[in-house]
Amino acid sequence: MGFMAPNLPVVDHEEFVRLPLRDRIKIIVLKWVDYGYGVPRAIHVLYIVKLVVFYAVAGIAIATATSGLPAFWHVSEWWNQPIVYQKAILWTVLLEALGLGGSWGPLAGKTKPMTGGYRFWARPNTIRLRPWRRVPFTAGNRRTWFDVALYLALLVSLVVPLLLSGVPSASLAAALPANTSGLVNPALLVGPAVLLVLIGLRDKTIFLAARGEQYLPALVFFAALPFVDMIIACKLLIFTVWFWAGVSKFGLHFTSVIPPMVSNSPSMPLKWLKRAHYRDHPDNLLPSHLASFMAHGPGTVVEIIAPLTLLFSPWPWLTLVAVAIMVSFHLFIISTFPLAVPVEWNALFAYAVIFLFWGFPNWQGYAIWDMSSPWLTVVLLAALCFFPVLGNFRPDLVSFLPAMRQYAGNWASATWAFAPGAEEKLNRVTRSAGNQVDQLIDFGYDPLVSEIFAQQTIGWRAMHSQGRGLYSVLLKNLPDIDSRSVREGEVVCNTLIGFNFGDGHLHDEDLIAAVQDEAQFEPGELIVVWVESQPIHRRIQCYKVIDPALGVIERGTWNVEDAVAEQPWLPNGPIPLDVTWTRPMSPAPMRHADQP
């Protein structure tokens, strides 16, 4: 892999783009086993610099300089200061809300420009996605000047408390008499909390991008709770994130996440170790026993047992071990450079583990049983667990982010298949970025190289369970699939709304309808196969086939067991599908627009 050049499959480029879809997927997948996505090493360096210099050093410098604390290199003087923790969260929310945190850059499908976020959300007439249709005053799918004003007000409301010095707190003084930096003024935290809610009701994209499901509760705790209760509530918050993420990994999907994740890690240079995560490379790329152990040993079990230990441990030695485990857990995720690139989120959680559980340990009066009222503990736990529980049973109602199913492999997903030339119609949509291939060409890559590089993500999707189902539906419904441009839904979504984090709810029929308003695809020019996450109590996933010109034209299901048991390139053909509904006269839209 070159420092500036991408790593592509070793094949004639012109021959590759003419191959059938399944042959291309097999070539991409076999390349991914050894080299991952194949971005130039310079991209990894860029992300490291961004994380260390722009996020960590700059964030700490701002927090310490505005709080009357010693300079950022005096770590021992600031690491356990509550106001630094508060400002670290404000800084993170600000960067996420700007689009400079997760889902940024080439690993998220953004090359030129590398930033989505504010380039879309501060611009009227871009696509706005409301979370629930029944919420009043949220009709429409385009961003208005009112939405832009709300968004800009949110940014200002985050900057103000970040830059202002702390104020005295009686509850803080009672717990830490020597503290002189105070806390962020609680009154200044009401604004961002309220604005996140208002924006979230009108536009789920910005709320999810700002990671409102995790940071909004923290802002509420900062504003409303006395100091000791605030610390304990933040412990409960981070615990529920870990716990429900661990629970979500007990299904059949997560084991398939580990091999491509390890293969994509630039910190894993040993080719034999990457291949060891697959059963029998190159013939059988199902997860090996090693991958299963990594998924449910250091993965699932650790993510539940270590947080439980942190929450209840009365002993320093045990707490220190659990802290080290969870810090290592988040650093490992950073080292793999996952395609959603949530490196800032993982860095913040690594710091939060140390700050909350080692800086304010249970044996010093910060255990959950030390909260001012046991009823407050119960209410907070119930509130924090509401969306994870609902989202596991009714994933259609809750984004996988509030459902705390990060990295679980059980995602709502989609694949878009364009008839020849039809992808260009996306350029009619009001947005701030071009199609991924066009971005790569503008960046300086050869058109064929750009096309092949863009296809890397369809191989990545095939390595996950839902990919085998999505491509099975395409193969069943589109006899001309080999001549179409097949694109990963997340990447297309990024070019249309400036963000995606693995949540297929951001590119379901609501987005497709919004795109159709301007793109005006003819019947059959674009076919999207979309699948919902698997509910925790069912063994199937429900899919839809969507034609933007006609709406949903087919519904059906597949068994998850069939999906996880098949090779990524479907050598045996489509997995079994159960078609439950078909739109009358639906075969016609499956033809090309130029076919009789």
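Quick note: residue numbers are just sequence positions, from 1.
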Would you check if the side chain of [X] reaches a backbone N or O of [Y] as a donor-acceptor pair within less than 3.5 Å?
{"X": "Trp530", "Y": "Glu509", "result": "no"}
{"X": "Thr144", "Y": "Asp147", "result": "yes"}
{"X": "Thr336", "Y": "Met261", "result": "no"}
{"X": "Arg123", "Y": "Arg431", "result": "yes"}
{"X": "Glu488", "Y": "Glu490", "result": "yes"}
{"X": "Ser313", "Y": "Leu310", "result": "no"}
{"X": "Asp370", "Y": "Ala367", "result": "yes"}
{"X": "Ser157", "Y": "Leu154", "result": "yes"}
{"X": "Asn410", "Y": "Ser533", "result": "no"}
{"X": "Thr240", "Y": "Leu237", "result": "yes"}

Which word best sums up how the rings of [X] and [Y] line up, parallel for under 30°, tilted for 30 to 60°, or perpendicular for over 60°?
{"X": "Phe501", "Y": "Phe499", "value": "parallel"}
{"X": "Trp411", "Y": "His464", "value": "tilted"}
{"X": "Phe337", "Y": "Tyr47", "value": "perpendicular"}
{"X": "Trp558", "Y": "Tyr543", "value": "parallel"}

Review point. Salt bridge or not for Lys50 and Glu344, using N-O below 4.0 Å?
Key: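 The answer is yes: the pair qualifies as a salt bridge.
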**Study point:** Gln466, His253, Gln541 screened by side-chain hydrogen bond (donor to acceptor under 3.5 Å, both in side chains) with Gln534, the one that passes
**Key:**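 Output: one option passes, namely His253.
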Minimum heavy-atom distance between [X] and [Y], given as atom pair plus value:
{"X": "Phe227", "Y": "Ser171", "result": "N-OG, 3.0 Å"}
{"X": "Ile258", "Y": "Ala295", "result": "CG1-CB, 3.7 Å"}
{"X": "Cys234", "Y": "Phe222", "result": "SG-CE2, 3.8 Å"}
{"X": "Ser432", "Y": "Pro113", "result": "O-CG, 3.8 Å"}
{"X": "Val167", "Y": "Asn185", "result": "CG2-CA, 3.6 Å"}
{"X": "Lys235", "Y": "Leu356", "result": "CE-O, 3.1 Å"}

Spacing of [X] atom [atom1] and [Y] atom [atom2] [to the nearest 0.5 Å]:
{"X": "Leu189", "Y": "Leu90", "atom1": "CG", "atom2": "CG", "result": "6.0 Å"}
{"X": "Trp78", "Y": "Ile83", "atom1": "CH2", "atom2": "CD1", "result": "14.0 Å"}
{"X": "Leu172", "Y": "Leu183", "atom1": "CG", "atom2": "CG", "result": "4.5 Å"}
{"X": "Ile231", "Y": "Leu236", "atom1": "CD1", "atom2": "CG", "result": "11.5 Å"}
{"X": "Phe221", "Y": "Leu219", "atom1": "CZ", "atom2": "CG", "result": "10.0 Å"}
{"X": "Leu201", "Y": "Leu196", "atom1": "CG", "atom2": "CG", "result": "11.0 Å"}

Tell me if the [atom1] atom of [X] is crowded by more than 12 foreign heavy atoms within 6.0 Å.
{"X": "Tyr215", "atom1": "OH", "result": "yes"}
{"X": "Trp369", "atom1": "CH2", "result": "yes"}
{"X": "Arg538", "atom1": "CZ", "result": "no"}

Does any donor atom in the side chain of [X] or [Y] lie under 3.5 Å from an acceptor atom in the other side chain?
{"X": "Ser465", "Y": "Ser256", "value": "no"}
{"X": "Thr66", "Y": "Lys87", "value": "yes"}
{"X": "Asn494", "Y": "Ser103", "value": "yes"}

Practice item. Step by step, work out the side-chain contact (heavy atoms from CB on, under 4.5 Å) result for Leu331 and Asn346. Key: CA-CA 7 Å; Leu331 292 180; Asn346 278 283; over 6 Å; no
**Study point:** Worked verdict on Ile536 versus Phe393 for side-chain contact (heavy atoms from CB on, under 4.5 Å)
**Key:** CA-CA 6 Å; Ile536 197 170; Phe393 284 97; 3.8 Å; yes
Review point. Given Asp510, which of Arg130, Arg133, Arg128 fulfils the salt bridge (Lys or Arg N to Asp or Glu O under 4.0 Å) condition?
Key: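 Among Arg130, Arg133, Arg128, the one that satisfies the salt bridge (Lys or Arg N to Asp or Glu O under 4.0 Å) with Asp510 is Arg133.
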Do the non-hydrogen side-chain atoms of [X] and [Y] ever get within less than 4.5 Å of each other?
{"X": "Cys542", "Y": "Arg555", "result": "no"}
{"X": "Phe312", "Y": "Ile368", "result": "yes"}
{"X": "Leu195", "Y": "Leu150", "result": "yes"}
{"X": "Leu107", "Y": "Tyr37", "result": "yes"}
{"X": "Phe243", "Y": "Leu311", "result": "no"}
{"X": "Thr92", "Y": "Tyr55", "result": "yes"}
{"X": "Lys204", "Y": "Trp132", "result": "no"}
{"X": "Phe329", "Y": "Val353", "result": "no"}

Exercise for review: Check step by step if side-chain contact (heavy atoms from CB on, under 4.5 Å) holds for Trp242 and Met326.
Suggested key: CA-CA 10 Å; Trp242 286 324; Met326 294 313 297; 3.5 Å; yes
Review point. Under the side-chain contact (heavy atoms from CB on, under 4.5 Å) criterion, do Asp508 and Glu532 qualify, and how do the steps go?
Key: CA-CA 9 Å; Asp508 60 10; Glu532 183 56 87; over 6 Å; no
Check your understanding: How about Trp79 and Tyr351: are their ring centres within less than 6.0 Å of each other?
Key ->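 No, ring centres 6.0 Å or more apart.
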**Study point:** Sole residue of Phe355, Phe357, Phe360 in ring pair (Phe, Tyr, Trp, His ring centres under 6.0 Å) with Tyr366
**Key:**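 When ring pair (Phe, Tyr, Trp, His ring centres under 6.0 Å) is applied between Tyr366 and each of Phe355, Phe357, Phe360, only Phe360 qualifies.
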Review point. Considering the options Val529, Val531, Asp503, which one meets the side-chain contact (heavy atoms from CB on, under 4.5 Å) requirement together with Ser413?
Key: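 For Ser413, the side-chain contact (heavy atoms from CB on, under 4.5 Å) check succeeds only for Val531.
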